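Please read these numbers as outputs of a predicted model, since none were measured by experiment. Order of the sequence lines fixes the chain letters, A, B, ..., with proteins taken first and strands second; residue numbering starts at 1 for each chain.
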Amino acid sequence: MTEQPLKNIIEAALFTAGKPLTIDHFIDLFVEVEPPERREIRTALQALQEEYAERGIELLQVASGYRFQTKADLTPWLKHLQPERSPRYSRAVLETIAIIAYRQPITRREIESIRGIAVSSDIMKRLQDYNWIRILARRDTPGHPALYGTTRAFLDYFNLKNLSDLPPLTELRENLEKQSELFEELIAPEKEIVPTNLEEIAPEKKIVPKKEILLKTNPFVITQP
Amino acid sequence: MTEQPLKNIIEAALFTAGKPLTIDHFIDLFVEVEPPERREIRTALQALQEEYAERGIELLQVASGYRFQTKADLTPWLKHLQPERSPRYSRAVLETIAIIAYRQPITRREIESIRGIAVSSDIMKRLQDYNWIRILARRDTPGHPALYGTTRAFLDYFNLKNLSDLPPLTELRENLEKQSELFEELIAPEKEIVPTNLEEIAPEKKIVPKKEILLKTNPFVITQP
Amino acid sequence: MSEHSEVEVSSEAKAIVQGTQLDILPIDLYVPPDALEVFLESFEGPLDLLLYLIQRQNLDILNIPIAEVTRQYLQYVELMQEFNLDLAAEYLLMAAMLMEIKSRMLLPSTKENEPETDPHEQLIKQLREYAQYKEAAQDLDTLPRIERDIFLATVERPDIPKEVIIPDISWSVLLEAMREVIERAELFTSHQIMQEPLSVRERMSLILEQLNSLQRIDFLMLFKLEEGRAGVVVTLLAILELAKESLIQIIQEQPFETIQVEL
């Protein structure tokens, strides 16, 4: 890891965190190396505040920490910024809403354990912004985690009358396979007609999602004498 | 409306747009007042680029426009802020997108003949889902196979301004240049908006067909005696 | 062929033995059949396998000893068949072509029987081209990219309410995402997604919502007679499931008093 000015690290972190950051957050960035002193961080933040004083954005301290925000007097221009007409969505968004639909009421931790990967606050916030999920209650365990469920708006968006219109999970796969075949026929122009006897020697490839994981976690075992 | 330095307006717009911005975007901010000259905007962008040269973030021009982003050498610290692990792409995905990037416009059959093995519909669909590829046209041969090319979003994602920024193919440098020229012409109609709406790019796209009919692309000509 | 998972091991490493990456399989190594399957499936097709065989011996693509490479290639293909691997037909085609090239080389070359496209030259051209793009794919993977090496710098605009635009997500895309989740979830055996009637989970959400506004509710109020027997069963199951997960409490303060449900 090369030497980097603390101020630059703090600056880049503030711009990419998507939430206000506290001094503790900055210290947490230094996992592999000796963290800086809190005093040094405060000095860097102050320097940044001064450097941005005359710019289009400013570094402010709000209740939950430090954050950059645009100067209020630029609003007249910025309001003309066109939001993207069709914003991009990630697979994480799709998977998260699908899990909530099937497993509600569910906590974020539980979603993460099904996905096998962290679910960012941003995704939960976006789904709430779309009004597709809401907090139903809080679980009576330490931390009182929120329990999420889908909304009427979610059902409406996908033209569902109620949740039981969602295909049962067990059928989902078979259906998809059937639909795929149908789809194959639909896009037939791109496809060659394959004589049936050739199909026999060309068994379709099976999906082997487990394989990679197997290789990673369970590499070749060499038997020791 | 108070007088504001153009540079500050541009700076704040870049930070809040959530997408790369072009000079046209900046001009659109000036709805109620006389818009600045394109030349003035370019000067302001250049000034910003210089002012941020030594900071933790930089102003960069990628395929879809200008954007602020973190410097690559800060990643070791910043990755601790990102709850989502960045996706890794399989060799099949990388090889397919590489072939499309260097050889566009190209049909799926042609990709298959270079790879020597079928390219699953899943991969093509996934690349379209990522918004990395799109159908540029259809070839005027039987079946009218789709001709694929990469999108601006693909270049944006890999931090490239245009196709010629791709690492040169070994041995194929001259060919590539010819092809990029051809491609620049093809890509020209696509102006501001990268089609994010998947239905637009691939109206027929529905469900991943998992079935690959193998043998359909035999790249090798075996002459019968 | 690992087209169905985004996460995979480094493409160069064929195996990891006691923490060390092996790029080349040791000769005479006893390989358990499962591992062999994984090894063989790490190839992206017959060209990839051929390249591996050639590069393993530091051979020049332009000057391959066809007989030896064919022998090794056929060995692998036989192995694949032996283990009943789903062998893509391309592998068999390649085997056929290698044998064709080999036999052609044994024949005395005469001008008349020279085909227009020499399969040997054709193969070398193919291999070179594929090798190029294989390398290009590796280069692409090392380019700095969003989410991994660089992050976009954004700033809040607190004074302007953010306009929410819902992305255009098609039903089939959502189902596809769910299918992938199921596949992945099956890897986490402790978190099997169970088959459970969705109507119960939906009712659980509805009950929680009702309790959210009322805090405490008469047990019987949760049932709607017009839903019939099935509706009653669904509601009852939902209440029991919520109670089991300690999300609600079922209270009866005095015997014979009405049963209450509260958060």
Exercise for review: Go through the atoms of A/Leu21 and report whether side chain, backbone, both or neither lie under 4.5 Å from a heavy atom of chain B.
Suggested key: side chain
Exercise for review: Tell me, for A/Tyr52 versus chain B, whether the close heavy atoms (under 4.5 Å) come from the side chain, the backbone, both or neither.
Suggested key: side chain
Decide if atom [atom1] of [X] counts as having more than 12 heavy atoms of other residues, nucleotides or ligands within a radius under 6.0 Å.
{"X": "B/Asp140", "atom1": "CG", "answer": "no"}
{"X": "A/Arg109", "atom1": "CZ", "answer": "no"}
{"X": "A/Glu40", "atom1": "CD", "answer": "yes"}

Revision key, fill the gap. Taking a cut-off of under 4.5 angstrom between non-hydrogen atoms, the residues of residues 53-65 of chain A near chain B are A/Glu54, A/Arg55, A/Gly56, A/Ile57
Practice item. Compare every heavy atom of B/Val33 with every heavy atom of A/Trp77, then report the nearest pair and how far apart it is. Key: NE1-CG2, 4.2 Å
Review point. Taking atom NE2 of B/His25 and atom CG of A/Leu81, what is their separation to the nearest 0.5 Å?
Key: 8.5 Å
Review point. To the nearest 0.5 Å, what is the distance between CD (B/Glu51) and CD (A/Glu51)?
Key: 11.5 Å
Exercise for review: Find out whether B/Phe68 and A/Phe15 are in side-chain contact, i.e. whether some heavy atom of one side chain is under 4.5 Å from a heavy atom of the other.
Suggested key: no
Check your understanding: What option among B/Thr70, B/Leu48, B/Val31 has the most heavy-atom pairs under 4.5 Å with chain A?
Key -> B/Val31
Exercise for review: Could you check which of B/Leu14, B/Leu78, B/Leu74, B/Ile9 has the highest count of heavy-atom pairs closer than 4.5 Å to chain A?
Suggested key: B/Ile9
